Protein chains: 2
Amino acid sequence: MIEAGLKPSVTRKSGVALWRQIADQMRQAIGSGALGADGRLPPEFTLSQRFGVNRHTLRSAIAALVQEGVLRAEQGRGTFVESRKRLSYPISARTRFSTGLRDQTRDRRSVLLADAVEPAGERVAEALGLAAGSNVIRLETLSEADGRPVSRATSWFDAKRFAGFARHYAKTGSITASFQKFGIDDYFRHSTLVSARHADAADLTDLKLSPGAIVLVAIAVNVDPKGKPIQFAETRFAADRVELTVSTEA
Amino acid sequence: MIEAGLKPSVTRKSGVALWRQIADQMRQAIGSGALGADGRLPPEFTLSQRFGVNRHTLRSAIAALVQEGVLRAEQGRGTFVESRKRLSYPISARTRFSTGLRDQTRDRRSVLLADAVEPAGERVAEALGLAAGSNVIRLETLSEADGRPVSRATSWFDAKRFAGFARHYAKTGSITASFQKFGIDDYFRHSTLVSARHADAADLTDLKLSPGAIVLVAIAVNVDPKGKPIQFAETRFAADRVELTVSTEA
DNA sequence: AATAATTTGTACGTATGTATG
DNA sequence: ACATACATACGTACAAATTAT
């Protein structure tokens, strides 16, 4: 492929590190389509020669762009340009995952990865309004849209009130539908805490992310119509695939 | 200082990269206080000898921990342990920065970095309900709490309706107070879009972050009591210092 | 099906630059 | 001016994963 648009030029001893100059030029070239127009970058060695630097120096530049989410490197295959379309995930009093992403994706589904009954930790017990050490159901779930992992959630429920919840969820793939089996036809998002951090090893695997990727973490409490907490959940979203929309309808 | 708690041991050809093993051990040692209990790490060369690896290999481990926000490296000074306390920033219909952080910090202030009057971009014009190309006021502001930068915001206002806004803001350091000068005693957060990305060069400087740090980006529209948009803003929060609290009082 | 070629990842060595104290 | 400590850059070699032969 001819990449006529890329005119590499780096200046030594300019006060700006070579790898940074290269990263800046590559970012620009990718944006304008002069580089990686077919979604794929030339091999590291080729690029390093083109810029007139050592392969390691070029690798530093690539590493920076991988961090930013511009590129994705796969051992043995090559380095690829990341697509940047983000799904919009609404957070409101009526937040539900499946309805939230409706109309934005053709295919979406939720999978139950694991479930367990165990004594509640301090944080979980407090959020659900249970006595410390009460049994809770823990659900580990993964949600995908158009075949790509979007979020990975850990949810807790009162084991006494919601005995068998995991079984219902495994069948329906829906929290809302599972709650209905317990006579809860409606529920509300009480509060949500949003933070962001780098993906840990587990996130990388489950969400199929590159090292250094960012996850948006939403910690939420859902309550039934009477205001009693029924679900405590921590959801990790792949930050390069999702943005959160907070609707504050006053 | 004696750091008896740190018992370094790496296994070659175990399928796990040395730098990853070292990063894991260091993270754990830092968490338990066995390493960097005084907030400071031994020099890279010392650590590399302790782990029995090359200095570069140890640097890879440190780079990973800097990414995660566990460490902060300062050229010529040393490598330091990052403190992890996060401020909680509420997002609701009544979101205001100054009131938001009240009670959480002793000292907080907002500074006007720059301001300009310019034609509105497409996105800004649409958000403010203005004709494309209308003049808008742009405010670049920085907010600090206890001497540490917390957020960096870019705000836009209708230049016709809010002529002289920047001057009021420079004096008061408060959006709320400045709006009052224009007869707006109350306003509401209409919508907020939350995403996360790696800090760019400008973020690093303004928010005093280490390369690879994460910023939480909140894009918001504020409206007056009649529902007319009065402010469009993009705020970048240092993700390791802030978390967002979404209150959805249904 | 097995092997070779390609491509990214890890590790070490060495030298020099830059910022701090 | 000097020593210390982190940052950048080049070189070399081999490992690991994927793709082509």
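Residue numbers begin at 1 in each chain, while the letters A, B, ... track the order of the sequences. All values below come from the heavy atoms of this structure, side chains included, with hydrogens, waters and symmetry mates left out. Note that the structure is a prediction, hence the values are computed from the model and not measured.
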Enquirer: How is A/Arg59 classified with respect to the nucleic acid when contacts are heavy atoms under 4.0 Å: base, sugar-phosphate, or nothing?
Expert: base
Enquirer: A/Phe80: which residues meet the side chain to side chain contact (heavy atoms under 4.5 Å, CB included) condition with it, sequence neighbours left out?
Expert: A/Arg40, A/Arg72, A/Glu74, A/Arg77
Enquirer: Indicate, with a heavy-atom threshold strictly under 4.0 Å, whether B/Leu18 touches base, sugar-phosphate, or nothing.
Expert: sugar-phosphate
Enquirer: Under the side-chain hydrogen bond (donor to acceptor under 3.5 Å, both in side chains) rule, collect the residues that match up with B/Glu140, sequence neighbours excluded.
Expert: B/Arg138, B/Arg152, B/Thr154
Enquirer: Run the side-chain hydrogen bond (donor to acceptor under 3.5 Å, both in side chains) test against B/Arg123 and tell me which residues pass, sequence neighbours left out.
Expert: none
Enquirer: Is there a donor and acceptor pair closer than 3.5 Å between the side chain of B/His56 and the base of D/dA9?
Expert: yes
Enquirer: By side-chain hydrogen bond (donor to acceptor under 3.5 Å, both in side chains), which residues pair with A/Gln75, not counting sequence neighbours?
Expert: none
Enquirer: Check for a donor-acceptor pair, side chain of B/Thr172 on one end and backbone N or O of B/His168 on the other, with a separation under 3.5 Å.
Expert: yes
Enquirer: Please list all pairs meeting salt bridge (charged side-chain N to carboxylate O under 4.0 Å, His left out) that have one or both residues in residues 54-67 of chain B, counting only residues at least two apart or in different chains.
Expert: B/Glu44-B/Arg55, B/Glu44-B/Arg59
Enquirer: Under 3.5 Å, which N/O atoms of the protein pair with N/O atoms of nucleotides 19-21 of chain D?
Expert:
from	atom 1	to	atom 2	distance (Å)
D/dT19	OP1	A/Arg77	NH1	2.5

Enquirer: For DNA chain C, note the earliest and the latest nucleotide, 5' to 3', having some atom under 4.0 Å of a heavy atom belonging to chain B.
Expert: C/dT10 to C/dG21
Enquirer: With sequence neighbours left out, what residues match A/Asp203 under salt bridge (Lys or Arg N to Asp or Glu O under 4.0 Å)?
Expert: A/Arg197, A/Arg236
Enquirer: Between B/His198 and A/His198, is the ring centre distance below 6.0 Å?
Expert: yes
Enquirer: Among residues at least two apart in sequence or on other chains, which ones pass ring pair (Phe, Tyr, Trp, His ring centres under 6.0 Å) with A/Tyr169?
Expert: none
Enquirer: Starting from the 5' end of DNA chain C, give me the residue, A/Glu44 or B/Ala17, whose nearest nucleotide shows up first.
Expert: A/Glu44
Enquirer: Heavy-atom nearest nucleotide on DNA chain D for A/Leu58 versus B/Phe45: which residue maps closer to 5'?
Expert: B/Phe45
Enquirer: For D/dA1, what is the paired nucleotide under Watson-Crick or G-U wobble rules, both distances under 3.5 Å?
Expert: none
Enquirer: Which parts of residues 67-75 of chain B get close to DNA chain D, meaning a heavy atom less than 4.0 angstrom away?
Expert: B/Ala73, B/Glu74, B/Gln75
Enquirer: Is A/Asn54 near enough to D/dG11 that one of its side-chain N or O atoms lies under 4.0 angstrom from OP1 or OP2?
Expert: yes
Enquirer: For B/Arg167, give me all partners under side-chain hydrogen bond (donor to acceptor under 3.5 Å, both in side chains), at least two apart in sequence or on another chain.
Expert: none
Enquirer: Check side chain to side chain contact (heavy atoms under 4.5 Å, CB included) between A/Val117 and all other residues, then give those that pass, not counting sequence neighbours.
Expert: A/Asn135, A/Ile137, A/Ala159
Enquirer: Looking at every strand, decide which applies to A/Thr79 at a 4.0 Å heavy-atom threshold: base, sugar-phosphate, or nothing.
Expert: sugar-phosphate
Enquirer: How many whole angstroms separate atom CZ of B/Arg55 from atom P of D/dC6?
Expert: 7 Å
